[in-house]
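Worksheet for the structure shown next.
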Amino acid sequence: MTRRRGTALILVPLGLSLSACRGVQTMLDPAADQARDIDVIWRVMLVVCGVMYVLVLGFLAWALWRARRKPLDDAPLTGGTAADPGLTRGLTGWIALIVAGLVLLTTVSFLVDRSLAEVGPDPLKIKVTAHQWWWQVDYQGQAPSETFTTANELHLPLGRPAIVELQAGDVIHSFWVPNLSGKTDLIPGRTNYLPLTPRRVGVFRGQCAEFCGFQHAQMAFDVYVDPPDTFEAWRKHQIASASDPANFEETAGKQVFISKACVMCHRIQGTDAGGTVGPDLTHLKSRAHIAAGTLLNTRGDLQAWVADPQGIKPGTAMPRVGLTSDELNAVTAYLETLK
Ligand code: CUA
């Protein structure tokens, strides 16, 4: 092997492992108080367990080295007796080290657990309901007019504590945004709460972390941590009703939407569509992805999804609605107006 290849063999895995520490879906790049606490406990565990591992391997190597120096047919390998003061001191020190390591781990774990359960003052209240296989997100305002629903996307203002109320509509799911906090299960018939205090502006990726059926892997969501004024602008926009279609094709598309099966499951605020089985589409085009992270929210992907959801995400609750190509074009044009 040439020296350059040897260097590459060392540097490439090292670079890959270091680059894995940065990203939109990693607990090694914390962006909230809760993830930072979990990062502390992980570093303490790594150091304590790493030191113990190195010590155990060191003692093993030393014992093997000693055994090689004393052939078996020589004096028997007793390694000392209980009366040997050196051995007693060594064992006492070893036990003290183990106890100190365990006490440190227990203390850090206790303190981190307490701080993870703490909710900051005046928290933003968000209810997340998991469905097979998408996320319903309800922002709960002071008045009913301040309350709105979106899907597969969470927006959080920087620095403000939020409390996420977690429920499940069908089976057990798990809410996990590694950059912000640990996993919390969503269980039918039970409500769990997850406090989040984001500390860095950015876009992060969440993922269902509990096997929940055929499309468990296609159950992702985006989390945006925005400066407070950007969040406020987004919130105001989400509260507003959908704008009316502007041209003939879009108007025809709205008619298709209202007259076909779409209206049974989806809600579009400001129209007659009031279904609650599927995602609220009032501001569909303000989202980056559709079908819970399965597709990009482009016109092409949207049209493909409406045309054949079962082909793209088999088992999803959305059926294939029989549409002519003109109807498909029109309904896609209308959905594109839901900004
Ligand atoms: Cu929902 Cu896995």
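Indexing begins at 1, ligand by ligand and atom by atom, following the structure's order.
Note on H173: its N/O/S atom closest to atom 1 (Cu) of ligand 1 is ND1. The atom of H216 nearest to atom 2 (Cu) of ligand 1 is ND1, with the search restricted to N, O or S atoms. Atom 2 (Cu) of ligand 1 sits nearest to atom O when only the N, O or S atoms of E210 are considered.
For residue Q132, no N/O/S atom approaches atom 1 (Cu) of ligand 1 to within less than 2.8 Å.
In this structure the side chain of K254 reaches within 4.5 angstrom of the side chain of Y334, judged on heavy atoms.
The pair K183-E210 fails the salt-bridge criterion, with no side-chain N (NZ, NE, NH1 or NH2) lying under 4.0 Å from an Asp/Glu carboxylate O. The existence of a salt bridge linking E336 and K285 is confirmed by a sub-4.0 Å separation between a basic side-chain nitrogen and an acidic carboxylate oxygen.
For F175 and F221, the distance between ring centers is under 6.0 angstrom. Taking the six-membered ring wherever Trp is involved, the centroid distance between the rings of F231 and H155 does not fall below 6.0 Å.
Rounded to 10°, the angle formed at atom 2 (Cu) of ligand 1 by C212 SG and C208 SG is 120°.
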